[in-house]
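Keep in mind that the numbers below use all heavy atoms, side chains included, and drop hydrogens, waters and symmetry copies. Note that the structure is a prediction, hence the values are computed from the model and not measured. Numbers here simply count residues along the sequence, with the first being 1.
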Amino acid sequence: MPLINLRNNHSPSSNRVRVQRGEKVPIRRMRAAAWLLLITSLLTLLIMLQSTATAGAEDGLKRKLGDALSTGNHAPSPLFVKDSRSPRQLLQTFDELATEIRDVFNHGSRQGDIDGAQEQQLIELYTQMGQLISASILPESERFARANAALSQLAEVIARVPLPPTQAIPDQAEVAKQGLDYWRLPGTTIAFQRIQEGPRTGDWTFFDGTVKDAEILYQAALAKSPPDNNETTLIEHYLAYSGPLISTQITDAMPAILRQPLFGQPLWKYLTTTVILLISLISALVVYRISRLLTNRWNDPSEIRFSLARLVLPLLLLAFIPIWIQIIALDVRLRLLPLEVIDDVLWVWFYAAVTWALLVGANLVAAIIIRSPSISPAGLDASMVRLACRLVAYALAIWVWVEGLQALGVSLIPLLAGVGVSGLAFALAAKPTLGNLLGGVILFADKPFRVGDRVVIGQHQGIIEEIGLRSTRLRTLDGHLVSLPNDEVCTSSIENVAARPNIKRLLNITLTYDTPPEKIQRAIEITRQLLSLEEDGDRSEEELGRPTNQRIHVDDENLPPRVYFSDLNADSLNVLVIYWFSPPDYWAYLEHATWVNLQLIERFNAEGIEFAFPTQTIDFKPRGPAALEVAT
């Protein structure tokens, strides 16, 4: 009863091919594919309605039989239970039911097929005969068909082995007298057992080992007593007849070659199953192709719309795979090993479709959450939402596969042991990746920066463009895109330039050494006046054509503009100017600084205050006559 990562789509444009301008979309092919999909869907729907109506009775009896025989306690069956209080009664009841089943098959068509009424008789007879074995020892996934096959084989075995006289087979009185719990048919390995507990305590059934070895016993019996040329065994009848959807008129009209047995079943069953699987495969490909063409025609689909389009195919598979299984098992009536193989393959497809739907659904849920205005699509919050949704989807998918594989009879102990060893090796190999993932979680919790912030991380400076689970992408001021592993980001010093409340400017105005003190004082006064609020004259930035000085007087208590005669440099007198521009708009800051610089030059020139620049003065002293004589 089986359920498929497939792939993960984080972005609608990451895994699709856009239709370029001027490129024609193959509309004709789309229409043909749509018509093909419509026709196959209608045929499947008709088959489903017809088979569901006729198979309901069998499904109910099948469920009742499973309830009655699913445990060793033999829960009471709602059906009439034939008497089997001793090995003699068990053999008599078994022989009567086998004879009635043969009569039903013999009154069918010339190919052993039966109609709907005869099938109901078979269901009732096989259900009563099923009370004579413990079906719990058979695989649960195909218990009903296997139980019927085993009963048919045992009926042929009992008909071919020499039975002792009736008086030699223990009856109810002999069982009570000897206290028998086990009895074996003399000269054979066919054995019977007495039920020890439950509502049917005291009833006799075929020994579990006999039921398990039904195929081996059947082949041995045929080798000793082969059937006549025209004789059809009970198991062959059981394997040959079809379900209610395929009538006896259809099977009788088939060519003889299609009725030839292959592994005990007519060839037409294999061909019909192949056609069903091909139609299923073609339908899935058509749906996939149409969804791809539709998404390729969208100029810029949202991630929600993209995920919805990708969700169509897995949902259709989830709806139709159980229908295909029902048609093959209950209408075509493929049996035993071929049915087990097809059944397991289809259920694995089902589990894969569930996994696919869960992963695409996780992307859809994440896209809906990320659509919130408070979450940046490229930010770490969005990455964590995607991660959380996918982790939930992966957990559900693992649970589905574990339950499904157990239902298919696959032992998970070797698998879990292998997963443990592989997990250790994977953890060692994926240590850097896991470190980056952990770094992403730390960045999410600490939030040292956001998308759009200008930061300095180690030797890299630029604008944060995306914060992912594995790496952080930074656009440098030169335009280059740098991907930094989150582990490295967490261990590096991070300077968030965008988080500063203002931009500090430190300006050194250098004056020449021959500047008198009064002009130095005048330079300080001019600079303070230039940075004061009075300089704006209550005019707005539009009127002034520049940022106002209110930008540098936001916090006058703690950060007012500062102007001081600070240093006597080697080649100049230094006037230190400090102010803080707020809000920290870098381009507005440069515009205001340009205006300050021009005004300083203009006003200093008007006052005759000269700016100093690095110079050196060299004094040459001429030598006197005495020095000249000494030199001579």
Quick one, [X] and [Y] - any side-chain contact, counting heavy atoms below 4.5 Å?
X    : Y    : result
W204 : I195 : no
M129 : I101 : yes
I169 : P164 : yes
F105 : L122 : yes
L277 : L346 : yes

Looking at [X] and [Y], what are the two nearest heavy atoms and their distance?
X    : Y    : value
R160 : A221 : CD-O, 3.8 Å
A393 : L359 : CB-CD2, 4.0 Å
G187 : R184 : N-NH1, 4.0 Å
V175 : P170 : CG2-CB, 4.3 Å
L125 : L97  : CD2-CD2, 4.0 Å
Y218 : T233 : OH-OG1, 3.2 Å

Could you go step by step and tell me if R194 and D203 meet the salt bridge (charged side-chain N to carboxylate O under 4.0 Å, His left out) rule?
-> CA-CA 6 Å; R194 184 172 177 268; D203 283 356; over 6 Å; no

Just how far is it from atom [atom1] of [X] to atom [atom2] of [Y], taken to the nearest 0.5 Å?
X    : Y    : atom1 : atom2 : result
L217 : T189 : CG    : OG1   : 4.5 Å
E100 : Q121 : CD    : CD    : 9.0 Å
Q153 : N148 : CD    : CG    : 11.0 Å
I133 : T210 : CD1   : OG1   : 11.0 Å

Residues at least two apart in sequence or cross-chain that pass side chain to side chain donor-acceptor pair (under 3.5 Å) with R88, listed by chain then number, are none

Could you check V312 against Y288 for side-chain contact (heavy atoms from CB on, under 4.5 Å), going step by step and ending with a plain yes or no?
CA-CA 8 Å; V312 172; Y288 177 77; over 6 Å; no

If you look only at pairs with a residue in residues 163-178, which of them pass as a side-chain hydrogen bond (donor to acceptor under 3.5 Å, both in side chains), with sequence neighbours excluded?
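Found E174-Q178.
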
side-chain contact (heavy atoms from CB on, under 4.5 Å) between L91 and I158, intermediate numbers included | CA-CA 9 Å; L91 282 172; I158 296 295; 4.2 Å; yes

> How are the rings of F206 and F192 set relative to one another: parallel (under 30°), tilted (30 to 60°) or perpendicular (over 60°)?
Replying inline: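 Geometry flag for F192 against F206: tilted rings.
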
